[in-house]
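Take a look at the structure below.
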Amino acid sequence: MAWDVRPVVDLDEFKRAVGAIGHYFGGWPSDDESAQRFSANLPFERMHAAFDGDRIVGGAGAFPFELTVPGGPVRCGGVTVVGVLPTHRRRGILTAMMQAQLEDIREHGEPIAALWASEEVIYRRYGYGLASLSGEIALAGGYRGLRFGPAENTSARLVPLAEAKDTIAPIYDRVRRRTPGMFARTDTWWETRPLSDPPDRRQGGGEKNCVVLELDGEPAAYALYRMFPKFEQGSAAGHADVIEAVADGPTATAELWRVLLEMDWLATLKAYLLPIDHALLHQLSYPRRMKMRVGDALWLRLVDVGAALAAREYRTDGETVLELEDAFLPENTGRWKVARGVAERTDAAADLALPVGELAGPYLGGFTFTELVQAGVVRELREGAAAQADALFASGAPKPWCPEIF
Ligand SMILES: CC(C)(COP(=O)(O)OP(=O)(O)OC[C@H]1O[C@@H](n2cnc3c(N)ncnc32)[C@H](O)[C@@H]1OP(=O)(O)O)[C@@H](O)C(=O)NCCC(=O)NCCS
């Protein structure tokens, strides 16, 4: 059956389309106000709904993002709130929505799309591939010291959330411009997401705090965190959750984390969505105690392969020919030569053969072609081709990092 899929036109449709995934969250958005708050970042025209007659039974949104890739920011569909009601699952509605959404993303001039997956099995069939990893840590008390003493001229202060944006947004922006995987945040995004703290989303913890670290009197790092106090047999047994910690440079990283690590009353300091090459590993006296658990983070899709490859930076003069297979968007299928910062169709012999999704890792910098050849998911058609392609795609940028699930 062909499902009718189109963008929503008003708040009522928006609420019902978002409500498809909201159903699994227990009935969200519950009222017009929360739907309106969510739509402040997601225009109606970017929220697709799937209809069964006049009933909306599925939804899929795409934030108009600017996502950093090696070399700088690129326009990107930030795929979000994808859901199909339990009454209509496994009838091809997600597939129909993905088709409409990817076409729409391309029409909006976004050569790539990115998402966080609720389950890893869902999106490969639509051409997405694993592009980055993230880590979470749990540091026990007694093992939280840094290898070196504090830097000079540092100070930290707590800033009320309502006053934090003007201080912390520029720090985030400096870091995100050079970090693949980070996306630009608008004022509305800051206000409605990282700096909002509705009591019903505190999960038993205290209010969200913002600490700003200054180096030589200039804001250089910040963290958003929440305390979960608890005492057992008279001793502190609580924890704090570091929701987001962003630092501009190595000294700022060490001194921001020193503040977090040294907080009293914490049996454990927990932090989430960290870059897997976090400098803390080298700064802690007991790096093993980080106990980093690594998981998949961003899934990325090259929607317009030629435009996406051209939007990225290549630092060497090498070239590679990729034989791409894209069953879901067949217009991308074929042989692409990447050389001198341009991607063109070619008849030349291919160096590597791969499904389009496997390009996600090398494209963003999370994985190399060599790793994917070793995993058997990319085929090397000429000896040494993977290493050459890796040299071409190497960027010198840090590992991709997306600090926020969207
Ligand atoms: C995930 C979800 C959107 C899938 O929607 P759907 O309309 O049932 O998906 P489709 O019928 O289009 O499925 C297409 C294919 O993907 C497979 N598939 C989809 N979701 C799957 C899942 N969660 N696990 C395993 N396979 C899945 C289907 O089996 C089908 O395979 P086939 O083509 O070989 O038959 C829906 O189950 C849902 O809303 N789940 C809860 C919310 C959620 O996880 N949303 C994703 C947020 S990132």
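Ligands are counted one by one from 1 in listed order, and the atoms in each one are counted from 1 as well. Since the model is a prediction, treat every value here as computed from it, not as a measurement.
- Distances from atom 29 (O) of ligand 1 to the protein include at least one heavy-atom value under 4.0 Å.
- Here the protein heavy atom with the shortest distance to atom 1 (C) of ligand 1 is I122 CD1, 3.7 Å.
- Checked for salt-bridge contact, E262 and R144 miss the test: no charged N lies under 4.0 Å from a carboxylate O.
- Residue A117 places no N or O, backbone or side chain, under 3.5 Å from any N or O of ligand 1.
- Set against the non-hydrogen atoms of R91, the atoms of ligand 1 under 4.0 Å away are 11 (O).
- One finds a salt bridge joining R16 and D12 here, because a Lys/Arg side-chain nitrogen approaches an Asp/Glu carboxylate oxygen to under 4.0 Å.
- Close approach of ligand 1 to E119 is summarised as follows: ligand atoms under 4.0 Å from at least one heavy atom of the residue are 23 (N).
- Ranking protein heavy atoms by distance to atom 44 (O) of ligand 1, first place goes to S118 OG, 2.6 Å.
- Checking only distances, R89 never comes within under 3.5 Å of ligand 1, N or O to N or O.
- A donor-acceptor contact closer than 3.5 angstrom links the side chains of T95 and Y126.
- The only option from D32, D10, D31 that meets the side-chain hydrogen bond (donor to acceptor under 3.5 Å, both in side chains) definition with K15 turns out to be D32.
- From the protein, the heavy atom lying nearest to atom 39 (O) of ligand 1 is V84 N, 2.8 Å.
- A donor-acceptor pair is defined here as one N or O able to donate and one able to accept, closer than 3.5 Å; such a pair exists between the side chain of K208 and the backbone of S196.
- Electrostatic pairing of E323 and R379 does not count as a salt bridge here, judged by no charged N lying under 4.0 Å from a carboxylate O.
- Using a 4.0 Å cut-off to heavy atoms of G83, the atoms of ligand 1 that qualify are 39 (O).
- With a 4.0 Å cut-off on non-hydrogen atoms, R125 touches ligand 1 through its side chain and not its backbone.
- Of the candidates T95, L115, V79, V121, T95 brings a heavy atom nearest to atom 12 (O) of ligand 1.
- For ligand 1 and Y126, the ligand atoms under 4.0 Å from any heavy atom of the residue are 12 (O), 14 (C).
- Distances from atom 36 (C) of ligand 1 to the heavy atoms of R90, E120, M97 put R90 nearest.
- The nearest protein atom to atom 45 (N) of ligand 1, hydrogens excluded, is given as V82 O, 2.8 Å; this is a heavy-atom distance.
- For atom 11 (O) of ligand 1, the closest non-hydrogen atom of the protein is G92 N, 2.8 Å.
- Geometrically, R312 engages Y314 in a cation-pi contact, judged by NZ or CZ lying under 6.0 Å from the ring centre and within 45° of the ring axis.
- No donor-acceptor pair closer than 3.5 Å links the side chain of T179 to the backbone N or O of M182.
- Between R185 and E404, at least one side-chain N (NZ, or NE/NH1/NH2) sits under 4.0 Å from a carboxylate O, which counts as a salt bridge.
- Residue L94 has at least one nitrogen or oxygen atom sitting less than 3.5 Å from a nitrogen or oxygen atom of ligand 1, judged on distance alone.
- Within ligand 1, counting atoms from 1 as listed, the ones closer than 4.0 Å to a heavy atom of W116 are 48 (S).
- The backbone N or O of N332 lies less than 3.5 Å from a partner atom in the side chain of W336, making a donor-acceptor pair.
- Of all atoms in ligand 1, numbered sequentially from 1 with element shown, those under 4.0 Å from a heavy atom of Y123 are 46 (C), 47 (C), 48 (S).
- Counting only heavy atoms of the protein, atom 40 (N) of ligand 1 lies nearest to Y24 CZ, 4.1 Å.
- Side-chain atoms of W401 come within 3.5 Å of backbone atoms of L273 as a donor-acceptor pair (strictly under, hydrogens ignored).
- T370 and D390 share a donor-acceptor pair across their side chains, judged by distance under 3.5 Å alone.
- At a 3.5 angstrom cut-off on N or O pairs, I21 does not count as close to ligand 1.
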